[in-house]
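See below for the structure under consideration.
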Amino acid sequence: MYSIGETAELTGFTADTLRYYEKIGLLPRATRKSNGLRVYSEDDIHLLQFLYCLKQTGLPLEEMSEFIQEGQVFENEFSPTEQNYLSINKRIQILSKHLKKMEEQRQNIDTVINLTVKKLHFYEELVEKK
């Protein structure tokens with residue numbers, strides 16, 4: 001079990017963000033020790049690391065919440081039930097839509113990078129001719 005500080009360090013989130021995500025229902029209520037301090041399991045860490053990746057790619061909190069609400073992440077085991085397949089199909093839709101958006105963003109960034117490189121080379125050539 002990990003303290004909130006250790007969890008923040010392992011996942012990339014701040015302790016305040018972890019509390020906020022719990023408050024808005026993105027994360028289930030954390031387990032608490034007898035003194036009231038939050039503790040997180042290895043499964044919580046895996047889920048939070050995945051959420052951090054989604055956050056870094058710009059997935060909105062609403063879609064992250066929808067992803068989480070679909071049920072377990074199937075990290076360790078999978079039961080072939082109809083509900084689990086429905087959950088997986090919903091997650092495929094969310095991630096596919098988000099992947100398409102990220103690919104479009106990458107293309108836009110590639111265009112900006114190429115234009116910047118061309119402009120940089122132009123200025124470097126001007127300086128070299130001097």
Side-chain angles (χ1 to χ4, degrees):
M1 299 299 275
Y2 300 93
S3 70
I4 194 167
E6 293 168 328
T7 300
E9 190 173 312
L10 289 168
T11 63
F13 289 114
T14 65
D16 287 338
T17 299
L18 294 173
R19 287 189 213 58
Y20 175 70
Y21 283 1
E22 183 179 330
K23 180 180 178 181
I24 65 170
L26 180 62
L27 295 175
R29 296 192 64 76
T31 303
R32 298 201 182 238
K33 293 166 73 172
S34 59
N35 61 5
L37 295 177
R38 290 172 174 84
V39 289
Y40 297 87
S41 68
E42 199 67 44
D43 287 341
D44 294 331
I45 299 296
H46 290 296
L47 173 62
L48 286 163
Q49 288 171 334
F50 183 69
L51 288 179
Y52 186 79
C53 289
L54 293 176
K55 181 182 178 204
Q56 293 302 107
T57 63
L59 189 70
L61 285 178
E62 298 81 30
E63 290 184 36
M64 288 172 59
S65 180
E66 188 177 354
F67 193 89
I68 295 302
Q69 298 306 316
E70 284 300 315
Q72 67 185 33
V73 181
F74 305 118
E75 285 279 334
N76 300 322
E77 58 184 68
F78 173 72
S79 300
T81 66
E82 185 171 341
Q83 184 61 37
N84 284 345
Y85 283 114
L86 290 172
S87 174
I88 289 172
N89 283 326
K90 181 64 174 176
R91 288 169 182 219
I92 287 170
Q93 290 173 357
I94 292 169
L95 292 178
S96 294
K97 177 182 169 189
H98 188 58
L99 180 60
K100 182 178 179 184
K101 179 181 172 186
M102 287 188 302
E103 287 171 340
E104 289 170 1
Q105 290 172 337
R106 182 177 58 194
Q107 288 175 350
N108 290 337
I109 289 171
D110 286 343
T111 299
V112 171
I113 288 171
N114 289 333
L115 291 173
T116 303
V117 167
K118 286 179 183 178
K119 189 56 84 174
L120 180 61
H121 288 317
F122 171 76
Y123 289 136
E124 288 172 342
E125 288 175 9
L126 286 178
V127 169
E128 287 176 11
K129 288 180 183 179
K130 180 181 176 189

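Fair warning: this is a prediction, and the values are worked out from it, not measured in the lab.
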Are there over 12 heavy-atom neighbours, none belonging to Gln49, within less than 6.0 Å of that residue's CD? yes
Mind listing the closest non-hydrogen atom pair of Ala8 and Ala15 along with its distance? CB-N, 3.8 Å
Indicate yes or no for a side-chain donor-acceptor contact from Asp44 to the backbone of Ser41 under 3.5 Å, with no hydrogens or angles considered. yes
So, do Thr116 and Lys119 sit near enough that their side-chain heavy atoms are less than 4.5 Å apart? no
Go through it in stages, so that I can follow the logic: the residues are Arg19 and Ile4, the test is side-chain contact (heavy atoms from CB on, under 4.5 Å), and I'd like the CA-CA distance, side-chain angles, deciding distance and then a yes or no. CA-CA 9 Å; Arg19 287 189 213 58; Ile4 194 167; 3.9 Å; yes
For residues Ile113 and Phe122: do they belong to one hydrophobic cluster (side chain heavy atoms under 4.5 Å, members Ile, Leu, Val, Met, Phe, Trp, Tyr)? no
In terms of heavy-atom contacts, does CZ of Arg32 have more than 12 from other residues, nucleotides or ligands at under 6.0 Å? yes
Should we say atom CD of Glu124 is surrounded by more than 12 heavy atoms from elsewhere, each under 6.0 Å from it? yes
Between CG on residue Leu48 and OH on residue Tyr40, distance to nearest 0.5 Å: 7.5 Å
Interatomic distance, CG@Leu47 vs OG1@Thr11, rounded to 0.5 Å, equals 10.0 Å
Rounded to the nearest 0.5 Å, what separation is found between the CZ atom of Arg91 and the CG atom of Leu95? 8.5 Å
Enter the distance from Glu103:CD to His98:NE2 here, rounded to the nearest 0.5 Å. 11.0 Å
Do the side chain of Thr57 and the main chain of Leu54 share a donor and acceptor less than 3.5 angstrom apart? yes
Whether Glu63 side chain and Pro60 backbone form a donor-acceptor pair below 3.5 Å: no
Hydrophobic cluster identity match, Val112 and Met102, side-chain contacts under 4.5 Å: no
On a heavy-atom basis, the closest approach of Arg38 and Ala30 is CG-CB, 3.8 Å
Distance, nearest 0.5 Å, that separates CE of Met64 from CG of Leu51: 4.5 Å
If you round to the nearest 0.5 Å, how far is OG1 of Thr17 from NZ of Lys55? 5.0 Å
Where do Phe13 and Leu18 come nearest, in terms of heavy atoms and distance? CB-CD2, 4.0 Å
Test item: Leu26 and Tyr20 side chains (from C-beta on) under 4.5 Å apart, heavy atoms: no
Joint hydrophobic cluster, Leu10 plus Met1, side-chain heavy atoms closer than 4.5 Å: no
Close side-chain approach of His46 to Glu42, heavy-atom, < 4.5 Å: yes
Decide yes or no on side-chain contact (heavy atoms from CB on, under 4.5 Å) for Ile109 and Arg106, but give the supporting numbers first. CA-CA 5 Å; Ile109 289 171; Arg106 182 177 58 194; 5.6 Å; no
